[in-house]
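The structure under discussion appears below in the form of structure tokens.
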Amino acid sequence: MEFLVSLLERNVIIALALVGAIMATSGSFLMKKKSLINPGLARFLLKSGYVITWSSVALFIAAGFFG
């Protein structure tokens, strides 16, 4: 339960949202610049950014219920 409590802290949720947004933006940018990086890697970066961003949204909702 200690792990869940530390994940529900405000700083962690904000950090996850920022990291996810930066990753998704980078992945989107790299998909447009096809010569810079492998398109599969750029797509993976984009989707990983979305997953991290949505997990921060889920943690924000959970913090509201448990807080």
Side-chain angles (χ1 to χ4, degrees):
M1 193 68 179
E2 295 284 328
F3 180 70
L4 184 62
V5 171
S6 65
L7 278 179
L8 295 178
E9 291 181 9
R10 183 177 184 211
N11 295 335
V12 174
I13 294 172
I14 292 172
L16 282 175
L18 288 175
V19 168
I22 290 169
M23 286 177 64
T25 303
S26 300
S28 176
F29 176 74
L30 290 173
M31 285 181 67
K32 291 180 182 178
K33 302 286 185 177
K34 295 184 191 287
S35 64
L36 291 177
I37 197 168
N38 184 3
L41 184 60
R43 191 175 307 116
F44 176 75
L45 186 63
L46 176 68
K47 289 183 181 182
S48 298
Y50 284 149
V51 167
I52 292 172
T53 302
W54 281 106
S55 64
S56 74
V57 171
L59 287 173
F60 178 74
I61 293 170
F65 283 122
F66 293 125

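Worth saying up front: this structure is predicted, and the values here are computed from it rather than measured.
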Donor-acceptor pair, distance only, cut-off 3.5 Å: does the side chain of S55 make one with the backbone of I52?
yes
Is T25 reaching over with its side chain to a backbone N or O of I22, donor-acceptor style, under 3.5 angstrom?
no
Validation row: S26, L45 side chains within 4.5 angstrom (heavy atoms):
yes
Report whether [X] and [Y] are members of the same hydrophobic cluster (ILVMFWY, side-chain heavy atoms less than 4.5 Å apart, transitive linking).
X   : Y   : result
I61 : L8  : no
F65 : L7  : no
F29 : V19 : yes

So, applying side-chain contact (heavy atoms from CB on, under 4.5 Å) with F60, which one of I14, L16, I13 is it?
I13
Could you tell me the separation between the CZ atom of F44 and the CG atom of L30, rounded to the nearest 0.5 Å?
13.5 Å
d(I37 CD1, R43 CZ) to nearest 0.5 Å is 12.0 Å
Closest contact, heavy atoms only, [X] versus [Y]:
X   : Y   : value
G49 : M23 : CA-CB, 3.8 Å
T53 : A17 : OG1-O, 4.2 Å
L46 : S28 : CD1-N, 3.9 Å

